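All figures in this text were calculated on a predicted structure; none of them were measured in a lab. Numbers restart at 1 for each chain; the letters A, B, ... are given by sequence-line order, proteins then strands.
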There are 2 protein chains.
Amino acid sequence: MGEERAEVLKGTLDMLILKIAALGPIHGYGIAQRMQQISRDFFQLQQGSLYPALHRLADRGWLKAEWRVTETGREGKFYSLTPKGRKQLESEIENWERLTGAVALILQTAE
Amino acid sequence: MGEERAEVLKGTLDMLILKIAALGPIHGYGIAQRMQQISRDFFQLQQGSLYPALHRLADRGWLKAEWRVTETGREGKFYSLTPKGRKQLESEIENWERLTGAVALILQTAE
DNA sequence: GAGTATAGGTAGATATTCGATGTGTTCTCA
DNA sequence: TGAGAACACATCGAATATCTACCTATACTC
């Protein structure tokens, strides 16, 4: 009980990951941590969602990956935004805003 | 090109339908029309999404259905919110707000 | 009589997220 | 020195939801 399970809204994960990556090169595990931090523990991104999403985004040419050594001395795959990825992020944010705007219109409708 | 396809965000359709039904008993076809109107043509709910969703919501006890005659003299299945459905709607709206709040935190983060 | 709008519906394809599970390394602390 | 936690990568299958495409039927318009 009291499970504050915060599932990411389907369709928004790509945008969120791209946005975090836009802050600077970061490895997968770090993305999940950062997302949790920034959202004040609201989003707890699962690894089973994270890694497939990263591969998907890389496949589409929105992220590029590079092995480097992390702050903790381990190997990590660092992702950074490609120019195409930056455009994609912009377009996803725009769409997100139009979408939440439309939802707001409906939620505000009074009986 | 220029396709302004507005797909409903997965996970929000139930909330939107419940909200429209909360405005008063309304039949399925009317829900789609109303949603399009209120959202200023942004949402164009497909029948293949609408009807399965209505059945789902009725199965869960959030909507109750009743055949009546529509304004245009046809038979229509009118849906109205049950008390359980009203609670569900409230909880979905609350969740939606926490969710968009968390997304906003991430989108606002500056490099 | 043809076509459009209204009203209901199903079936299959697609996409995405999660939960469970697996590998291996480094660090901490008893 | 050894156990467990945290770090870092990953895959697989189940569950879910939405869409596209299709189907039926009635009423209205031209």
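Dashed line: the shortest gap from a side-chain N or O of B/Q33 to OP1 or OP2 of C/dT6 is under 4.0 Å. Within the 4.0 Å cut-off from OP1 or OP2 of D/dT11, at least one side-chain nitrogen or oxygen of A/H55 is found. Proximity of A/Q46 to the phosphate of C/dG19: a side-chain N or O atom is located under 4.0 Å from OP1 or OP2.
Taking atom CG of residue A/L54 and atom P of nucleotide C/dT16, one finds them 14 Å apart after rounding to whole Å. B/L9 places its CG atom 10 Å from the P atom of D/dC19, with the value rounded to the nearest Å. Taking atom NZ on B/K10 and atom P on C/dC18, their separation rounds to 14 Å, with Å as the unit. As rounded to whole Å, 15 Å separates atom P of D/dA17 from atom CG of B/L50. If you take CD of A/Q47 and P of C/dG19, they are 12 Å apart, rounded to a whole angstrom. Put simply, CD on B/Q37 is 11 Å from P on C/dT6, counting in whole angstrom units. Regarding A/L45, its CG atom lies at a distance of 14 Å from the P atom of D/dA10, rounded to whole Å. Rounded to an integer number of Å, the gap from CE of B/M35 to C1' of D/dT18 is 12 Å.
Just one of A/I17, A/L81, A/T82, A/L13 meets the side chain to side chain contact (heavy atoms under 4.5 Å, CB included) condition when paired with A/L57; it is A/I17.
Within the model, atoms CD of B/E94 and CG of B/L99 stand 12.0 Å from one another, a figure rounded to the nearest 0.5 Å. The OH atom of A/Y29 sits 9.5 Å away from the OG1 atom of A/T72 when rounded to the nearest 0.5 Å. In this structure, A/K84 NZ and A/L89 CG are separated by 14.5 Å, a value rounded to the nearest 0.5 Å. Note: A/L18 CG to A/E90 CD = 11.0 Å, rounded to the nearest 0.5 Å. B/I106 CD1 to A/R40 CZ: the interatomic distance, rounded to the nearest 0.5 Å, is 11.0 Å.
With C/dG9, D/dT18, C/dC18 as the choices, the nucleotide that has an atom nearest any side-chain atom of B/E7 turns out to be D/dT18.
The stretch residues 69-82 of chain B comes close to DNA chain C through B/T70, B/T72, B/R74, B/E75, B/G76, B/K77, each having a heavy atom under 4.0 Å from the strand. Shown for residues 11-31 of chain A: residues whose heavy atoms fall under 4.0 angstrom of DNA chain D, namely A/H27, A/G28, A/Y29.
In terms of hydrophobic clustering, with Ile, Leu, Val, Met, Phe, Trp and Tyr side chains grouped at heavy-atom distances under 4.5 Å, A/F78 and A/L63 are assigned to different clusters.
With 3.5 Å as the limit, one finds a donor-acceptor pair spanning the side chains of B/Q88 and B/E92.
Under the salt bridge (charged side-chain N to carboxylate O under 4.0 Å, His left out) criterion, B/E75 pairs with no residue at all, not counting sequence neighbours.
If you check every strand for non-hydrogen atoms under 4.0 Å, A/R60 touches sugar and phosphate atoms only.
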